[in-house]
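Given the structure is predicted, the values throughout are model-derived calculations rather than measurements. A note on names: the letters A, B, ... follow the listed sequences, proteins ahead of strands, and every chain is numbered from 1.
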Amino acid sequence: AQSVTQLDSHVSVSEGTPVLLRCNYSSSYSPSLFWYVQHPNKGLQLLLKYTSAATLVKGINGFEAEFKKSETSFHLTKPSAHMSDAAEYFCVVSAFTGNQFYFGTGTSLTVIP
Amino acid sequence: NAGVTQTPKFRVLKTGQSMTLLCAQDMNHEYMYWYRQDPGMGLRLIHYSVGEGTTAKGEVPDGYNVSRLKKQNFLLGLESAAPSQTSVYFCASGTSGYNEQFFGPGTRLTVL
């Protein structure tokens, strides 16, 4: 079975400081992992994905995530937050043998000027 | 390419009314999905399809039906709307269940 836990429902950072959004997953098989971003009243946009290649994955807008199998984690980071990063972020897991995505409940990121 | 489009963008229904949401994709994807998004619950899968003519139940299928008569279209039906179906509905498509999904802009449905 697959599941995702996003450890923080809300994160606030000051503009220019680092961002850390935490995600732990559970998967019976080799997982694919994704981070999606949703700006207010918009659809979901893919930030980055891990599909069993390099464990450090770089995405759009300066975001990156590291797949740590031993910790079953896939945390999202960015060195310096920008006001435009304020949004809802979803961690997602799927499995090679499956047909479905499993979403976390989301982390709302606030960026303080 | 338009990507994934959804019709309508907004809709208000009265309890007991029926409606159909249309999702269309122009990327020749085999897999299509319908989700609902409610505050604090992330996205939950309603139904999905792994190819033309096929459908399967997701996590929250009750009260919904779907059809995939053409590869590019995936319809979500509500036969008798209930206030509990007030939500934002997202359609998505992808090449497999393992790879990324591409999302539509969403439909905001209110059932009074």
Transitively linked via ILVMFWY side-chain contacts under 4.5 Å: A:V57 with A:V4?
yes

I'd like to know if B:F10 and B:W34 are part of one continuous hydrophobic network [Ile/Leu/Val/Met/Phe/Trp/Tyr, side-chain heavy atoms within less than 4.5 Å].
no

Minimum heavy-atom distance B:Q101-A:Y36, with the two atoms named
O-OH, 2.7 Å

Please assess B:E100 against A:T51 for the test side-chain contact (heavy atoms from CB on, under 4.5 Å), listing each intermediate value before the final yes or no.
CA-CA 10 Å; B:E100 68 186 274; A:T51 53; over 6 Å; no

Where on A:L46 is there a heavy atom nearer than 4.5 Å to chain B: the side chain, the backbone, both, or neither?
side chain

B:V88 and B:L76: same hydrophobic cluster, using ILVMFWY side-chain contacts below 4.5 Å?
no

Could you please state which residues from residues 102-113 of chain A sit under 4.5 angstrom from chain B, measuring non-hydrogen atom to non-hydrogen atom, sorted by number, or 'none'?
A:F103, A:G104, A:T105

Quick one: what part of B:Q6 sits under 4.5 Å from any heavy atom of chain A, side chain, backbone, both or neither?
neither

Can you check side-chain contact (heavy atoms from CB on, under 4.5 Å) on A:L44 and B:L43, steps first, answer last?
CA-CA 10 Å; A:L44 279 75; B:L43 273 74; 4.2 Å; yes

Is atom CD of A:E15 surrounded by more than 12 heavy atoms (other residues, nucleotides or ligands) closer than 6.0 Å?
yes

Which bit of A:F101 comes within less than 4.5 Å of chain B, counting heavy atoms only: side chain, backbone, both or neither?
both

In terms of hydrophobic clustering (I, L, V, M, F, W, Y; side-chain heavy atoms under 4.5 Å; direct or indirect links), are A:M83 and A:I60 co-clustered?
yes

Do B:F102 and A:Q45 come within less than 4.5 Å of each other through their side chains, counting heavy atoms only?
no

Applying the 4.5 Å side-chain criterion to the ILVMFWY set and letting contacts propagate, would A:V13 and A:L76 be lumped into a single cluster?
yes

Counting only heavy atoms closer than 4.5 Å, note whether B:R108 contacts chain A via side chain, backbone, both or neither.
side chain

Is A:Q38 in contact with chain B via its backbone, its side chain, both, or neither, using a 4.5 Å heavy-atom distance?
side chain

Can you say whether A:K42 sits under 4.5 Å from chain B via the side chain, the backbone, both, or neither, judging by heavy atoms?
backbone

